[in-house]
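Written below as structure tokens is the structure these notes are about.
Please read all numbers here as calculations on a predicted model, not as lab measurements. In what follows, chains carry the letters A, B, and so on, assigned in the order in which the sequence lines appear, proteins first and then strands, with residues in each chain numbered from 1.
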Protein chains: 2
Amino acid sequence: MASTASPSREELHIPTALDNQPLFRGMKAEFRDTFAQSSQIQILSKGTILFLQDDPAEWFYLILSGWVKLFTETMDGDEAVIDMVSNGHMIGDSAILEDGVHSFGAAAVEPVTVIRLPSNLLKQAISEDHQTALAMLGSLSRHRKRQSREIESLTLQNASQRIGCFLLRLCHPEQSMPIELTLPYDKSLIAARLGMKSETFSRALNKLRKETSLAIKGSMVTVSDLEELSGYVCSACSNEFPCKDLHG
Amino acid sequence: MASTASPSREELHIPTALDNQPLFRGMKAEFRDTFAQSSQIQILSKGTILFLQDDPAEWFYLILSGWVKLFTETMDGDEAVIDMVSNGHMIGDSAILEDGVHSFGAAAVEPVTVIRLPSNLLKQAISEDHQTALAMLGSLSRHRKRQSREIESLTLQNASQRIGCFLLRLCHPEQSMPIELTLPYDKSLIAARLGMKSETFSRALNKLRKETSLAIKGSMVTVSDLEELSGYVCSACSNEFPCKDLHG
DNA sequence: CGACGTATTGACTCGGCTCAAAACCTGTGG
DNA sequence: CCACAGGTTTTGAGCCGAGTCAATACGTCG
């Protein structure tokens, strides 16, 4: 399985890492410095829980490398994967806008590097610094849009189309044919992420391979006809292929 | 079918209506006045389109009465209902945070009264007035949470449970038994809202009636045992009954 | 009363789930 | 270098929930 590359030496420097984030970029120096001082780099092994649903939101996290699963659990033990996030994404930040409690859980699905930052400081920065509030608005709204598409996808696309859609989002339109992809994490996780069982994933991927010209070998996927694939997928979606803003 | 009550004379007064909204409450008087002057009450008949996906976001709306359907349409004509909103909700406001284009469509499903407001003014108010930005953050984040639950519900609950969940959200926990409900809009719309076909809705509602003690007569539903209903529904959900923040 | 839209029912199909077994990888230690 | 253990993925058989299409019932409004 293809792991995300380890963070470079440079990215392990907290102030540098923060400066690469829109949230901190425009922030008053006063706050940004306090953040840099009160934050901490953590190396998490596979399976580590960052926080659980209903935990008080003491910290939020900026991911430097590796994949993190966001999920909720039902009373009788079933799990829904809300999203998978990596590299450059923040998690747990939105809890401070709700009731100070996490509304989902987060777990590392492989070795992960994060910067851990204090939630109360973010709360303060947002309420006192306008630029920070605006950056937060931008990030929330992107999130919202992503989730709307998620709902659409779950109600209108079948298993094969959802997989195709997932693959398309790994393609960048300017790449030349054939496009070689590496699945970013385990197939069973992709399945969960797309709201299906791994058996269904396996069969649906086979179907997709038969019906569009795809080649699959382990976690390597070769797309030889983008048109065909996007035709197959996007007919059941409200966005056409280079799905703006929904990459990554 | 039960329509929302018509707006009272008082609510038809724009400044008063705006003052009832968190978004405008804390806003600088300068902006609030400009909003009041440049806005307009509109009475929309059933079926009126407020805007379509990909329309440039010139206006946003505050609903005073009636139900509005938010939806997206696929290339081949299928429709996904993202949400149903009414009374006191704003729609189309978040487009200004994206690329100035609506990411879903909105249509009145019955006679609806709205206040139409200019998007560019909102954009300006947010970037210049901190309180407004904060109010916007609050509203977006509530929205986000709602949508996460939607995703969970679609992946983990079956048709009957989703219907039960919908009914539970119409109940207020302090009401005394038996609770008499009126379905807020057509059954076919509820079905679409819950991501199922109306035939399935009809059958699943029957199943729910058999398995929990529900009585249904047209659009009137009587819940005689809340415990039983919430047991049936919430076992497949990460929130327990009086689902905080998810009412309305 | 008749007509139209909405809701229900029936018979059938099909997609995705379940459970169980086999195949495939990957890493470990002899 | 091979054998083996563990996890992950694939395959198979059977089932069940939800979708489809078509016919019927219900409600409401003219």
For atom CZ of B:R162 and atom P of D:dG17, their distance in whole Å: 13 Å

Whole-Å gap separating C1' (C:dG5) and CD (B:E110): 16 Å

Base of D:dT20 paired with side chain of B:R203 (donor-acceptor, under 3.5 Å): yes

Distance, rounded to the nearest Å, where A:L205 contributes CG and C:dG16 contributes C1': 15 Å

Test: A:R144 and B:E98 ion pair at under 4.0 Å: yes

Below 4.0 Å: OP1/OP2 of D:dA18 and any side-chain N or O of B:T200: no

Separation of D:dG27 P from B:I216 CD1 (nearest whole Å): 14 Å

NZ/NE/NH1/NH2 to OD/OE distance under 4.0 Å, A:E150 and A:R193: yes

Residue B:D186, side-chain atoms from C-beta onward, closest of D:dG19, C:dA7, D:dT11: C:dA7

Between P of C:dC17 and CG of B:N158, the distance in whole Å: 13 Å

Side chain of A:K197 - closest among C:dG16, D:dC21, C:dC17: C:dC17

Within-4.5 Å side-chain heavy-atom neighbours: B:L50 and B:T48: no

5'-most by nearest nucleotide on DNA chain C - B:E199 or A:Q157: B:E199

Whole angstrom value for the distance that separates C1' of D:dG19 from CG of B:L154: 16 Å

D:dT10 OP1/OP2 closer than 4.0 Å to side-chain N/O of A:K187: yes

Sugar-phosphate only, base, or nothing, as touched by A:K217 at under 4.0 Å among non-hydrogen atoms: nothing

Residues B:K69 and B:E79 bridged, charged N to O under 4.0 Å: yes

Any A:S188 side-chain N or O less than 4.0 Å from OP1/OP2 of D:dT9: yes

d(OH, A:Y185; C1', D:dT8) in whole Å: 17 Å

Any B:N206 side-chain N or O less than 4.0 Å from OP1/OP2 of C:dT9: yes

A:M84 CE to A:S86 OG distance, which is reported to the nearest 0.5 Å: 8.5 Å

Length of the CG-P vector between B:L194 and D:dG17, whole Å: 18 Å

